[in-house]
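Just so you know, ligand 1 is whichever comes first in the structure, and atom 1 is the first atom listed for that ligand.
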Amino acid sequence: MIKFENVSKIYPNGTKGLTDVNLQINQGEFVAIIGTSGAGKSTLIRCVNGLNDITSGSLIVNDTEVSKLKGKELRKFRRHVGMIFQSYNLVPRVTVLKNVMFARVPDMSLFKVIFGLFSKEDKLIALDSLNKVGILDKAYIRADQLSGGQQQRVSLARALSQESEILLADEPVSALDPVTAKEVMDDFKRINEEFNKTILLNIHHVELALEYASRIIAVKKGKIVYDGPSQEVTKEILDEVYRKEA
Ligand code: ADP
């Protein structure tokens, strides 16, 4: 469960990222955040795993008050909240399998990391995650030899291998062509339905958000201006969300 209570985020330079955000996302929901560029979508997502610290309010993720976490505790918490980025964030010259296993690195000593001595369990979990996103056959190929869609699947598998209940994704399909973007969204949907993972992603293709997510949260200037079922998003709501202010 993710719960924002009166959350505001002001960046050190004074820019307001979020203002008084209230929302609750239950386990197993598929939520898309929409809004214009600079609206606060990414800020909202990055608060959930503590990549952004909040300025005021309360943010609870699975019984943990995220703003109270520091150092080691914060790193441990983050390990259990999978995050997928627009640019995949893979290590290019390393195999797909090792890329996925790196997600579990904080559990290992530096010595083991350097020599790639992953445990059998880590390897099995990584292979299982690759299987879940349909690219088990690519396990021993170098990450930079894969297409963009395949690389995004690797990062999805990496997030899955963290065995987190929540998957966050910051513009996961923005760098992909429309067909591949849909394939990756299909993966999110399947993972949501088969494994009951909570999916919270932001996306600037509204049609994809409406097609795949069951709930839409629209942000504008750091505030929530719509929060409800995707079927109930009307043209008027979208006009308001995307209307440029003078
Ligand atoms: P979106 O994801 O909707 O494009 P962001 O969450 O990235 O929007 O940004 C929301 C607002 O916060 C924007 O005004 C942006 O310029 C600002 N912002 C984002 N990151 C920073 C930062 N690190 N420092 C200062 N301002 C930032």
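Near S37, meaning under 4.0 Å from any of its heavy atoms, are these atoms of ligand 1: 4 (O). Within ligand 1, the atoms closer than 4.0 Å to a non-hydrogen atom of T36 are 3 (O), numbered from 1 in the order shown.
For atom 6 (O) of ligand 1, the closest heavy atom belonging to the protein is T43 OG1, 2.5 Å. The protein non-hydrogen atom at the shortest distance from atom 8 (O) of ligand 1 is G40 N, 3.2 Å. Given atom 14 (O) of ligand 1, the protein heavy atom at minimum distance is T15 CG2, 3.6 Å. The closest protein non-hydrogen atom to atom 7 (O) of ligand 1 is S42 CB, 3.7 Å. Protein heavy atom at the shortest distance from atom 11 (C) of ligand 1 is G38 O, 3.6 Å. Protein heavy atom at the shortest distance from atom 18 (N) of ligand 1 is Y11 CE1, 3.4 Å.
For E29 and S214, the side-chain atoms include no donor-acceptor pair closer than 3.5 Å. Side chains of Q27 and T198: a donor-acceptor N/O pair is present below 3.5 angstrom, by distance only. A donor atom on one side chain and an acceptor atom on the other are not found under 3.5 Å apart for T180 and E183. Checking S8 against N6 by side-chain atom types alone, no donor-acceptor pair falls below 3.5 Å.
Neither the backbone nor the side chain of L44 has a heavy atom within less than 4.0 Å of ligand 1.
Taking a distance limit of 4.0 Å, we find that atom 16 (O) of ligand 1 is approached by no protein heavy atom.
Inclusion of G17 in the set of residues having an N or O under 3.5 Å from an N or O of ligand 1 is not warranted.
Geometric assessment of K98 against the ring of F102 yields a negative cation-pi assignment under the 6.0 Å and 45° thresholds.
Between R46 and the options N52, D53, D170, N202, a side chain to side chain donor-acceptor pair (under 3.5 Å) holds for only D170.
The closest side-chain heavy-atom distance from V133 to I191 is below 4.5 Å.
A salt bridge does not link D144 to R93: none of the charged nitrogens lies less than 4.0 Å from a carboxylate oxygen.
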